Every structure is written in C-alpha cells, then in structure tokens.
> 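My questions all concern the structure below.
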Amino acid sequence: MRIETPRLTLQPFDRDEWMAIAAGERAGRTWAPDYPTDGEVLLASLGLLGQATQPTDDEPWGPLQVRERERGVAVGGVGFKGPPDADGCVEVGYGFAPSARGRGYATEAVRAMCECAITSGATVVIAETHVGNSASERVLERCGFVITSRTDEMTYWRWDGVPPPALT
C-alpha cells in the first residue's frame with residue numbers, strides 16, 4: 001500500500017524502519033532532524049511486538065510513515081487505529097516532527113486518509129485532539145471534521161464523507 005499526495009508519500013513501516021526507530025539508530029536514515037516523534041517510537045515498539053496492523057491495499061487499517069515526496073525525508077506518521085467498527089466508523093491519528101509542522105502536511109495526509117477510508121468501505125472517520133491543541137484542531141476543521149463532544153481534556157471529531165472545502 002502506498003498513497004501519493006501532491007507533496008507526500010504515505011507508506012507502511014517495514015520491520016527495518018521500526019527497528020531503527022525503536023533503537024534510535026539514525027545512521028543512513030532519511031529522516032527529518034527531529035524525527036521520529038515519541039508517537040513513532042511507541043508505534044515501532046508495538047509493531048515489533050506484532051501489535052500494530054500492517055496496512056495493505058485491501059485492508060488499509062494501520063499506520064503509515066509520511067515522507068516528503070521531493071526529498072524522501074520521513075517527517076511523521078498517519079494512519080487508522082484499527083479497522084472500521086460494525087457501523088463503518090474508523091479512527092484516524094497523526095503526528096509530525098516539529099520541523100514539519102505549519103506546512104500543511106498534516107492536512108494533506110489526513111485528507112488522503114479520509115479518501116482512503118471511504119474508498120475502502122468505511123462510512124465515517126473520527127479523530128480526537130487534546131483540548132488546547134489548536135494546530136491539530138485546525139487540521140481537522142480544514143479537512144471538514146466537526147466536533148461531536150468535548151471533555152476537560154479531549155475534543156472528539158467526526159467526518160461523514162463530505163468532501164472538505166478546497167484549501168486556500
């Protein structure tokens with residue numbers, strides 16, 4: 001499985017990449033200077049333990065590494081936290097190295113994942129953000145998500161397959 005967007009490549013993590021991430025071995029890696037994030041380190045550990053799904057073209061429900069297309073540099077991760085539930089609802093998550101933030105990469109990646117979800121049989125995509133994470137909230141708003149509920153710590157979002165507005 002591989003998803004290409006105008007500026008990004010979203011691809012499954014392979015075992016070698018997970019091992020390097022978990023061990024902090026940067027030598028020979030095409031990574032942003034502040035990649036991997038804590039999220040990728042945790043994900044790599046889960047992947048090595050066999051607890052992270054390896055997405056395929058038919059079953060895209062797992063994590064993907066995000067790389068800049070032009071330079072091939074790994075800058076973050078995006079993916080589904082599991083397959084859709086009985087109602088067709090799937091959760092998307094994402095995280096990017098600080099040096100890659102503010103460039104629209106998260107919005108581009110989440111839009112691609114929403115399209116992938118719908119074309120792969122999901123009917124709804126949900127997400128969550130920590131209250132006060134305004135950058136992540138803006139990503140979801142730009143992608144057409146709406147808030148469904150909020151607690152003191154978290155905001156919960158939903159996207160019902162309506163194409164998001166064009167980026168300006």
Side-chain angles (χ1 to χ4, degrees), residues 1-13 17-18 21 29-44 46-47 52-55 60-84 89-120 122 124-151 153-168:
M1 170 180 192
R2 184 181 184 102
I3 298 173
E4 299 280 339
T5 70
R7 299 178 300 154
L8 305 172
T9 299
L10 288 55
Q11 63 191 38
F13 292 85
E17 193 78 352
W18 271 343
I21 290 169
R29 301 287 165 183
T30 310
W31 293 347
D34 49 356
Y35 179 90
T37 66
D38 291 343
E40 273 84 30
V41 173
L42 174 61
L43 183 61
L46 294 173
T53 305
Q54 188 71 350
W61 320 115
L64 299 170
Q65 186 177 57
V66 178
R67 290 183 170 270
E68 293 176 344
R69 282 182 68 178
E70 187 175 314
R71 299 184 306 143
V73 174
V75 294
V78 66
F80 300 114
K81 295 183 178 181
C89 182
V90 65
E91 185 174 357
V92 68
Y94 52 95
F96 286 80
S99 63
R101 296 177 188 161
R103 298 181 187 183
Y105 289 167
T107 301
E108 193 170 321
V110 170
R111 282 179 185 234
M113 295 308 292
C114 289
E115 183 178 314
C116 175
I118 297 302
T119 60
S120 297
V124 173
V125 181
I126 60 172
E128 60 185 24
T129 58
H130 286 94
V131 169
N133 185 345
S134 58
S136 193
E137 291 175 351
R138 283 192 306 275
V139 166
L140 295 175
E141 288 169 350
R142 282 188 210 108
C143 291
F145 283 74
V146 295
I147 296 173
T148 59
S149 65
R150 183 176 274 144
T151 67
E153 296 179 13
M154 301 299 292
T155 303
Y156 299 92
W157 301 80
R158 179 182 179 102
W159 182 78
D160 290 307
V162 177
L167 290 175
T168 57

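All residue numbers refer to positions in the sequence shown, counting from 1. Source: prediction; values computed, not measured.
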> What closest approach, in Å, do Y94 and L140 show between heavy atoms, and which atom pair accounts for it?
OH-CG, 3.5 Å
> Check V90 against G82 and note the closest heavy-atom contact, atom names and distance.
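Where V90 meets G82 most closely, the heavy atoms are CG2-O, 3.2 Å.
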> Around E137, counting heavy atoms of other residues, nucleotides and ligands shown, do more than 12 lie under 6.0 Å from its CD?
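More than 12 within 6.0 Å, yes.
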> With the threshold set at 4.0 Å, does a side-chain nitrogen-carboxylate oxygen contact exist between E4 and R69?
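Result for this pair is yes, salt bridge flagged.
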> Among residues at least two apart in sequence or on other chains, which ones pass salt bridge (Lys or Arg N to Asp or Glu O under 4.0 Å) with D34?
none
> Measure across P12 and L64 and return the closest heavy-atom pair with its distance rounded to 0.1 Å.
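Scanning both residues, the minimum pair turns out to be N-CD2, 3.4 Å.
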> Using every non-hydrogen atom in the two residues, find where T129 and S136 come nearest and quote the distance to one decimal.
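It is CG2-OG, 3.3 Å.
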> Should the pair F96 and Y105 be assigned to parallel (<30°), tilted (30 to 60°) or perpendicular (>60°) ring geometry?
tilted
> Of all the heavy-atom pairs spanning L10 and V66, show the shortest one and how long it is.
CG-CG2, 4.2 Å
> Could you tell me whether a side-chain N or O of E68 sits under 3.5 Å from a main-chain N or O of R7, the two making a donor and an acceptor?
no
> The criterion is side chain to side chain contact (heavy atoms under 4.5 Å, CB included); which residues satisfy it with R67, sequence neighbours excluded?
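Counting only residues at least two positions away or on another chain, R67 forms a side chain to side chain contact (heavy atoms under 4.5 Å, CB included) with Q11, E17, T30, W31, Q65, A74.
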> Would you mind reporting whether I21 and Y35 have side-chain heavy atoms less than 4.5 Å apart?
yes
> Between L43 and P63, which heavy-atom pair has the shortest distance, and what is it?
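For L43 and P63, the tightest heavy-atom pair comes out as CD2-CB, 3.3 Å.
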